[in-house]
Amino acid sequence: MALVVPQRPPEPAPLAAAVGRVAASIAEAARRRYVAGLNPGTALVTSAVAAATLLLSFAAVSSFVQGLDSGFLFAWDGRVKRLRPLRRRLKVAILGNDTGGMAVALWLRDMLGGPHDLDLAIVCPSPSRPDSCSVEVAGQRYEASMDAAAGPSRYLRAIMGRLSLEYRAFRGLHLPVGIFDGSDFLFCGTGNASCCRWHGAARFLTNCRLAFRFGVRPFLELRKLRKNHAAPHWDGIYRALRVGATYAHPREFLGALGHSCLRLCERSTQQWLMRDLGFPRAVVQGLVEPALRSSFGGQNCAEIHALAGLVGLSGGSLGRTASTSGAKGGIAQLPERALEAARPRVLCGTARLVRRVPFARPHEPSFEVAYDASAFSVPSQSSLGRASTAVAAAAAESGVEGLLVEAFHIVVIAQSLQETALRFEGCGKGGTSPEAGAEAPEGWTIPALPALPVRTCVAQLVYGTLNLRRFSSDDTEVAACSTPDAEIRCVRHPHYGGQYEADGRTVQVPALTPLQVWTTATATSSTPFYSISLELPIAASVGIARAAIARGERGEPQVYRVIAPAPLSKAELDKWFARRGKVPAVTLEQFKCPQYSSPQSFRPFVFDRGGIFDVCAIEEVARSPELSLMSARNVVNLIADWVEQHRGQSCF
């Protein structure tokens with residue numbers, strides 16, 4: 001018989017409790033003093049004012065204490081504390097220019113100073129450009145990146161404020177969703193037009209319909225999932241990273257994130273929700289799984305480990321206000337602005353090989369990075385700096401023909417290993433450089449750093465409206481969808497749509513066009529996409545976003561983002577969309593979503609104790625811009641420890 005230890009509720013902060021008690025005593029004394037000499041009516045009003053003042057004061061003090069506790073109250077802009085000056089210049093190479101790599105470059109510049117103390121080089125195919133941040137469709141520019149701001153966003157907001165980027169979050173908007181099983185809609189949310197464009201009322205009615213369909217208690221428990229005792233404690237990891245804590249392996253990171261986070265990575269989302277929390281199978285397969293499939297490249301709840309599923313649900317819109325978070329103008333502006341602020345040398349190319357330099361002295365660079373620049377434009381002399389003739393000579397001398405080679409003290413891996421094949425020689429086992437004069441060890445070669453299996457997905461931006469005839473298998477509904485709007489309303493309920501039984505299933509018919517379509521696992525064979533969602537322009541304000549939502553619900557052409565395993569052909573797009581104006585669909589670059597498993601395997605943050613660190617190891621926990629920034633801050637702390645360990649007369 002297993003012993004079940006009850007979970008104690010979290011105790012309030014002592015400072016907040018003390019301030020609350022003091023404020024309560026002061027308010028009570030003031031109420032008695034004023035009420036004593038007044039008539040009953042005035043006393044009632046005075047008591048109400050005192051009570052309201054007490055509540056507002058307590059809320060303000062609680063927010064103040066919470067801000068002090070988290071360390072983000074006084075306009076923290078994401079800077080890192082400066083270290084003591086170095087005796088010699090440190091050479092650092094960052095392989096890749098994604099969000100995590102650019103954050104490492106920015107924080108290393110803060111920590112180590114200017115070019116005289118830090119020689120910072122970034123090896124990437126090309127620097128970020130404004131035209132790669134967004135694409136133009138039907139006269140508007142839309143986000144081209146697939147990064148979604150899930151979970152907390154403290155680092156993201158802080159760095160965006162430092163780089164003069166405006167954080168955009170439409171938290172008051174409601175996008176009605178439809179859950180599609182390949183032949184019919186199993187659930188349809190209430191449209192905003194049915195509630196006189198009152199998004200709050202439409203969201204409330206959608207929540208009521210979800211509770212009625214899946215059960216009140218499971219729905220309420222699902223809404224409170226992020227407050228579960230097993231959920232990550234983000235405040236603790238923020239405080240630890242701020243004071244310089246380091247984690248050499250994701251398991252250490254998960255241990256600091258919460259006592260149950262590592263256990264969540266050992267079981268699937270379906271097992272955790274159904275066996276541990278007692279959710280019905282209908283809720284998991286009919287509501288949770290479609291939401292996760294839209295974010296994880298079609299993976300179902302039996303494949304995704306529970307922590308990644310929890311992070312995905314925390315950033316989703318299950319019964320909550322749909323939000324579009326990111327930077328106004330595109331989230332891809334973040335690496336570009338960070339590159340300008342960090343002022344590194346840009347080596348245009350793709351890193352192919354990292355190998356240890358034999359017989360390197362303690363103050364000399366220990367690793368050589370070989371990169372291929374033949375397929376890209378030759379970088380300018382200002383970007384290459386000192387890496388020109390000497391680099392080419394070193395490449396010919398080292399036997400790496402056709403590659404440019406440069407030596408560094410520290411190498412930071414900040415590129416997705418699913419998209420490149422990076423080889424390592426003489427490193428990767430946590431060893432250190434051999435002493436000068438010693439016999440050279442027999443080098444080993446690692447063909448490529450082990451990476452996760454991936455799901456290749458494609459995003460397409462389509463201008464048109466959903467063809468509702470393809471989302472219903474009932475002949476009556478197909479005929480109704482081909483009639484004018486007035487006749488459609490005769491068939492459907494004007495506010496809630498229709499509902500009928502089909503093959504033993506409860507099928508719903510939307511009164512208005514849904515702006516999000518999630519697919520179930522049973523829809524894989526008959527549906528060529530994972531999800532469809534309305535896309536808002538990157539420069540849209542709240543008013544423009546509300547107008548776009550209203551036009552989309554009326555069936556007017558809008559821009560939709562389609563996530564699919566392969567690009568949809570023109571015939572397939574015409575099958576699922578009613579496209580007007582013949583605006584061609586824009587196919588974005590393929591993105592690779594990690595294929596998760598349970599139990600989940602991890603790569604270490606410290607690939608080699610001599611000075612190789614991996615920012616992208618966090619992708620095996622979950623993938624989001626905020627987690628990439630957390631991993632970047634951890635790598636910066638690891639580099640700070642490396643520098644302190646190598647200080648001395650003969651080092652730094």
Side-chain angles (χ1 to χ4, degrees), residues 70-71 78 80-81 83 92 94-96 98-101 103-108 110-111 150-152 154-156 158-159 230-266 305-308 310-311 410-414 416-417 427-432 449-452 594 596 599-646:
S70 61
V80 179
K81 183 180 178 180
L83 295 182
V92 179
I94 300 177
L95 312 183
D98 61 352
T99 302
V104 170
L106 184 63
W107 285 332
L108 284 181
D110 293 339
M111 185 175 68
R154 292 178 181 177
Y155 279 132
L156 186 62
I159 293 182
H233 301 291
W234 302 107
D235 291 339
I237 200 70
Y238 280 122
R239 288 195 300 267
L241 291 174
R242 187 175 68 250
V243 299
T246 58
Y247 306 100
H249 197 275
R251 294 185 179 274
E252 301 177 9
F253 180 85
L254 293 173
L257 196 58
H259 65 279
S260 299
C261 291
L262 187 58
R263 186 170 60 90
L264 292 179
C265 294
E266 297 175 353
H305 64 78
L307 183 59
L310 180 58
V311 172
I410 294 176
V411 177
V412 178
I413 304 170
S416 180
L417 297 174
C427 54
K429 291 189 177 182
T432 57
L449 197 60
L452 284 172
Y596 296 102
Q600 182 66 52
S601 59
F602 300 101
R603 299 193 313 268
F605 291 117
V606 181
F607 184 70
D608 191 296
R609 290 195 302 267
I612 300 180
F613 306 98
D614 186 7
V615 177
C616 296
I618 199 68
E619 292 182 356
E620 301 175 0
V621 177
R623 192 172 188 177
S624 72
E626 186 68 14
L627 283 175
S628 297
L629 294 176
M630 288 183 181
S631 179
R633 181 58 188 269
N634 177 50
V635 168
V636 171
N637 292 346
L638 289 169
I639 294 176
D641 284 358
W642 186 95
V643 171
E644 294 298 332
Q645 293 173 5
H646 287 75

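Treat the numbers as computed from the prediction; the structure is a model and nothing was measured.
Expressed to the nearest 0.5 Å, how far CZ of F613 lies from CD1 of I639 amounts to 5.5 Å. From I413, atom CD1 reaches atom CZ of F607 across 6.0 Å, with rounding to the nearest 0.5 Å. The structure places CZ of R154 at 11.5 Å from CG of L241, a figure rounded to the nearest 0.5 Å. Between the CG atom in L83 and the CG atom in L108 there is a gap of 9.5 Å [rounded to 0.5 Å]. To the nearest 0.5 Å, the span separating CD on Q600 from CD on E620 amounts to 6.0 Å. Here the OG1-CD distance, from T99 to E626, works out to 10.5 Å after rounding to the nearest 0.5 Å.
Nearest heavy atom pair, residue A245 against residue N637, reads O-ND2, 3.0 Å. When all heavy atoms of S260 and A230 are compared, the pair lying nearest together is CB-CB, 3.6 Å. L310 and A231 get closest at one heavy-atom pair: CD2-CA, 3.7 Å. When all heavy atoms of P604 and P250 are compared, the closest pair comes out as CA-CD, 3.9 Å. Nearest heavy atom pair, residue D614 against residue V635, reads O-CG2, 4.2 Å. The two residues C616 and A414 have their closest heavy-atom pair at SG-C, 3.7 Å.
At a threshold of 4.5 Å between non-hydrogen side-chain atoms, the residues V621 and C261 do not count as touching. Contact annotation: the side chain of Y247 never approaches that of L254 to less than 4.5 Å [non-hydrogen atoms, C-beta and beyond].
Here the side chain of H249 pairs no donor or acceptor atom with the backbone of V606 at under 3.5 angstrom.
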- Query: Checking side-chain contact (heavy atoms from CB on, under 4.5 Å) for the pair C265/R251: CA distance, chi angles, key distance, verdict?
  - Reply: CA-CA 10 Å; C265 294; R251 294 185 179 274; over 6 Å; no
- Message: One pair to check against side-chain contact (heavy atoms from CB on, under 4.5 Å): M630 and Y238. What are the steps and the verdict?
- Response: CA-CA 8 Å; M630 288 183 181; Y238 280 122; 3.3 Å; yes
- Applying side-chain contact (heavy atoms from CB on, under 4.5 Å), run through T246 and W642 and close with a yes or a no. CA-CA 11 Å; T246 58; W642 186 95; over 6 Å; no
- Message: Apply side-chain contact (heavy atoms from CB on, under 4.5 Å) to residues F605 and V615 and explain how you reach the verdict.
- Response: CA-CA 7 Å; F605 291 117; V615 177; over 6 Å; no
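Taking the six-membered ring where the residue is Trp, H233 and H259 present parallel rings, their angle staying beneath 30° rather than reaching 60°.
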